[in-house]
2 protein chains.
Amino acid sequence: MTGTRWLSDEEKRAWHAFVAASALVDRRLDLQLKESVGISHQQYGILVQLSGTCDHEMRMTELAEALLNSKSGLTYQISQLEKAGLVRRRSCTSDVRAVYAVLTEAGQKLLEKAAPGHVALVRELIIDVLTDDQREAIADGLGEVTRRILGDAAEAPGATDSPQAAAG
Amino acid sequence: MTGTRWLSDEEKRAWHAFVAASALVDRRLDLQLKESVGISHQQYGILVQLSGTCDHEMRMTELAEALLNSKSGLTYQISQLEKAGLVRRRSCTSDVRAVYAVLTEAGQKLLEKAAPGHVALVRELIIDVLTDDQREAIADGLGEVTRRILGDAAEAPGATDSPQAAAG
DNA sequence: ACCGGATCGTTCGAATTTGAACAAGAGATT
DNA sequence: AATCTCTTGTTCAAATTCGAACGATCCGGT
């Protein structure tokens, strides 16, 4: 153990920018969504995810994984959304254990109302701030970062299959 | 309301990579710090911030701003760190209201013990995954993102009167 | 049919975060 | 000095998050 490879100034600059931007952007989006339609960024993500599927529904575990959330955390949020009438639960006939979260009509309506302002703010805060090159570097670089972390967690099982759905 | 400028596939790719990487990296770092020295990523940030000053101390408000944290949140965390003996509070002679958070000897020791493993993981998860160009693009791009958000908040606190009479 | 292990979603308690309200002090104006 | 405004840090209740434990169910091999 000679010495730790500390971060150079240049590396620190990237690391700090990444951490700060993450916190700030998320907070701003959360704030706007709460003010405009009364839901959190987390809840917005759930609605978006559901609306991206053919039947506007998804199983709890599948949803939790897609949102990088814990199962218990999702149970809580789905309960909140259910109280608000934006989502309802549906049990599966073939597997009694399974539960589907289904986007309701009201949920779809709320999403359509929230989306324009949300996307506009995402653009204002980050997307339109970046140059094309920077945006591509982030997509490539952080995409690889994400892939590696997710790969580590689920390395043993074959992870080459994942029916993707375009999400907005 | 003609049309919202939705995100293109390329833009979505960058946005999703950014959000996912933020969540995943932070969670992994938090986990490691808790396992190795029993403190959260948040608390680690406080200790680092304090150790970076000449007298190893900083005022509460100043510290909260540097860490992009709420004042009440910092009060809580400093109390936790104080219980653990890693930080102590010191009141200011010239201003009775002011409180300094001071890094203790034990806090310094813990930081020195935690830092190598932490930095190594930061490298493994993100810094060493990126190419030089990607790292620079992130530093520049996300640095600008951060600067704008912080600038907005401080520059035009009351000047943001948007026409919002009609809800929604 | 039956057992052992894996999976599913929920429940529970503890830790953390947030914003609003608060008490106390500082600073400027009159 | 009296008063008004801003700042400082804490307290409080409510909301959220997490991991572990749980009951229930599914699946494969016997």
Side-chain angles (χ1 to χ4, degrees), chain A residues 22-24 26-35 38-46 57-84 87-102 153-154 156-157, chain B residues 22-24 26-35 38-46 57-84 87-102 153-154 157-158:
Chain A
S22 306
L24 292 172
D26 184 69
R27 202 169 308 181
R28 283 290 271 268
L29 292 174
D30 199 63
L31 208 60
Q32 194 215 28
L33 283 168
K34 277 178 183 157
E35 283 177 357
I39 63 174
S40 66
H41 192 193
Q42 191 64 225
Q43 296 173 329
Y44 179 83
I46 293 175
E57 65 181 23
M58 209 181 294
R59 289 186 52 165
M60 296 295 281
T61 297
E62 190 185 1
L63 193 49
E65 282 174 9
L67 296 166
L68 311 172
N69 232 248
S70 67
K71 287 190 300 176
S72 60
L74 183 65
T75 292
Y76 173 76
Q77 286 297 356
I78 290 292
S79 298
Q80 296 304 101
L81 291 171
E82 206 171 22
K83 281 183 198 167
V87 159
R88 67 183 169 80
R89 281 180 163 92
R90 175 176 86 73
S91 50
C92 179
T93 55
S94 62
D95 188 340
V96 186
R97 299 169 304 172
V99 171
Y100 282 90
V102 190
Chain B
S22 307
L24 292 173
D26 184 71
R27 201 168 308 180
R28 283 290 271 267
L29 291 174
D30 199 65
L31 208 59
Q32 194 214 27
L33 282 168
K34 277 178 183 158
E35 284 178 356
I39 64 176
S40 66
H41 191 193
Q42 192 65 225
Q43 295 174 328
Y44 179 82
I46 294 176
E57 65 181 21
M58 209 180 294
R59 289 187 50 168
M60 295 295 280
T61 297
E62 190 185 0
L63 193 49
E65 282 173 9
L67 296 166
L68 310 172
N69 234 271
S70 67
K71 288 188 300 179
S72 59
L74 184 63
T75 292
Y76 173 76
Q77 286 297 355
I78 291 292
S79 298
Q80 297 304 103
L81 290 172
E82 206 171 21
K83 281 183 200 167
V87 159
R88 66 182 170 82
R89 280 178 163 93
R90 175 176 86 74
S91 50
C92 178
T93 55
S94 62
D95 188 340
V96 187
R97 299 170 306 173
V99 172
Y100 283 89
V102 190

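First the proteins, then the strands, lettered A, B, ... as listed; each starts at 1. No experiment lies behind these values; they were computed from the predicted model shown.
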Quiz item: Which comes earlier along DNA chain D counting from the 5' end, the contact point of L68(A) or that of S94(A), where each point is its nearest nucleotide?
Solution: L68(A)
Quiz item: Would you say S79(A) and R89(A) make side-chain contact, with heavy atoms under 4.5 Å?
Solution: yes
Quiz item: So which of Q43(A), Q42(A), E82(A) actually passes side-chain hydrogen bond (donor to acceptor under 3.5 Å, both in side chains) with Q77(A)?
Solution: Q43(A)
Quiz prompt | 5' priority, DNA chain C, between K71(B) and E65(A) [closest heavy atom] | solution = E65(A)
Quiz item: Taking all atoms of both residues into account, what is the closest heavy-atom pair of L33(B) and Y44(B), and its distance?
Solution: CD1-CB, 3.6 Å
Quiz item: Do K34(A) and D30(A) come close enough that some side-chain heavy atom pair is under 4.5 Å?
Solution: yes
Quiz prompt | Strand contacts (DNA chain D) in residues 74-82 of chain B, 4.0 angstrom heavy-atom criterion | solution = T75(B)
Quiz item: Does the side chain of Y100(A) come within less than 4.5 Å of S91(A)'s, by heavy atoms?
Solution: no
Self-check item: First-last contacting nucleotides on DNA chain C - partner chain B, under 4.0 angstrom, heavy atom
Solution: dA15(C) to dA26(C)
Quiz prompt | Min side-chain heavy-atom separation Q80(A)-K83(A) under 4.5 Å | solution = yes
Exercise. Taking R27(A) for its side chain and S22(A) for its backbone only, find out whether a donor-acceptor pair lies under 3.5 Å.
Key: no
Quiz prompt | First and last nucleotide of DNA chain D, 5' to 3', lying under 4.0 Å from heavy atoms of chain A | solution = dA15(D) to dC26(D)
Practice problem: Report yes if some heavy atom in the side chain of R90(A) is under 4.5 Å from a heavy atom in the side chain of E57(A); otherwise report no. | Solution: yes
Quiz item: Are M60(B) and I78(B) close enough that some pair of their side-chain heavy atoms sits under 4.5 Å apart?
Solution: yes
Quiz item: Can you find a pair of side-chain heavy atoms, one from L74(B) and one from I46(B), that are under 4.5 Å apart?
Solution: yes
